[in-house]
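In what follows, a structure is listed as structure tokens, so that the remarks can point back to it.
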Amino acid sequence: QVQLAESGGGLVQAGGSLRLSCAASGRTLSASAVGWFRQAPEKEREFVAAFNWNGASTAYADSVKGRFTISRDNTKNTVYLQMTSLKPEDTAVYYCAARTTAIRGMSPGDYRYWGPGTQVTVSS
């Protein structure tokens, strides 16, 4: 079992930056693919970013490419999502998720473990 806990969300003005953290406990993430997803009110959960266990292969949604960066620190069993040039349309609850396999996925159904989420609100 893996327990995930996101942090770092908050209220920021458009153009600002935030760094989200996803701390894992119960099992190391070093051999798991990890992804970030987000869900805005009355919308489906959507893919944001993900990478393979060794970070060698990453994927980003077109809407965040060039603005968001996913990274990990295996010594801390933590994954990060650095968000820059934030826009009001980035407002959502952000979730991190882990797979039981090493290959990244881009669908929520690909992931077994989920954190409770952290709210990101970008004001215009």
Side-chain angles (χ1 to χ4, degrees):
Q1 287 287 341
V2 176
Q3 291 78 45
L4 304 174
E6 304 93 340
S7 62
L11 174 64
V12 64
Q13 289 187 333
S17 300
L18 282 175
R19 188 178 78 158
L20 304 184
S21 299
C22 174
S25 59
R27 196 183 81 178
T28 179
L29 288 178
S30 61
S32 301
V34 177
W36 285 94
F37 291 80
R38 67 187 181 185
Q39 188 165 17
E42 300 182 356
K43 292 189 176 181
E44 293 188 354
R45 191 167 299 190
E46 66 174 4
F47 170 77
V48 175
F51 54 18
N52 289 358
W53 72 272
N54 59 4
S57 176
T58 60
Y60 295 93
D62 288 343
S63 59
V64 307
K65 202 171 294 183
R67 299 187 298 121
F68 290 12
T69 303
I70 188 172
S71 63
R72 71 196 305 159
D73 184 339
N74 285 341
T75 64
K76 297 181 178 180
N77 215 25
T78 299
V79 175
Y80 304 97
L81 184 68
Q82 179 68 49
M83 307 186 295
T84 62
S85 301
L86 283 161
K87 305 174 182 180
E89 51 264 44
D90 294 319
T91 295
V93 177
Y94 283 71
Y95 301 89
C96 69
R99 300 192 74 182
T100 55
T101 65
I103 307 302
R104 58 173 171 80
M106 297 173 67
S107 171
D110 294 334
Y111 292 82
R112 180 174 180 180
Y113 303 105
W114 291 84
T118 185
Q119 176 71 46
V120 171
T121 303
V122 184
S123 63
S124 58

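In this chain, numbering begins with 1 at the start of the sequence shown.
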Rounded to the nearest 0.5 Å, how far apart are [atom1] of [X] and [atom2] of [Y]?
| X | Y | atom1 | atom2 | answer |
| --- | --- | --- | --- | --- |
| Ser32 | Arg72 | OG | CZ | 7.0 Å |
| Leu81 | Ile70 | CG | CD1 | 6.5 Å |
| Leu11 | Gln119 | CG | CD | 9.5 Å |
| Leu86 | Arg67 | CG | CZ | 6.5 Å |
| Cys22 | Asn77 | SG | CG | 9.0 Å |
| Glu46 | Met106 | CD | CE | 11.0 Å |

Between [X] (side chain only) and [Y] (backbone N and O only), is there a donor and an acceptor less than 3.5 Å apart?
| X | Y | answer |
| --- | --- | --- |
| Glu6 | Cys96 | yes |
| Arg104 | Ala50 | no |
| Asp73 | Thr78 | no |

ask   = side-chain contact (heavy atoms from CB on, under 4.5 Å) with Met83: which of Val120, Asp90, Val12?
value = Val120
Connected via hydrophobic side-chain network under 4.5 Å: [X] and [Y]:
| X | Y | answer |
| --- | --- | --- |
| Val64 | Phe47 | no |
| Val48 | Trp114 | no |
| Val2 | Trp36 | yes |

Determine the minimum heavy-atom distance between [X] and [Y], stating which atoms define it.
| X | Y | value |
| --- | --- | --- |
| Arg99 | Gly105 | NH1-N, 3.8 Å |
| Ala92 | Ala40 | CB-N, 3.8 Å |
| Leu4 | Pro116 | O-CD, 3.4 Å |
| Pro108 | Arg45 | CG-O, 4.1 Å |

Sequence neighbours excluded, every pair satisfying ring-ring contact (aromatic ring centres under 6.0 Å, His included) that has a member inside residues 55-112 = Phe37-Tyr111
request  = Report the residues that fulfil side chain to side chain contact (heavy atoms under 4.5 Å, CB included) with Pro88, sequence neighbours left out, ordered by chain and then residue number.
outcome  = Ala14, Val122, Ser124
inquiry  = When you compare the side chain of Ser63 with that of Arg38, does any pair of heavy atoms fall below 4.5 Å?
reply    = yes
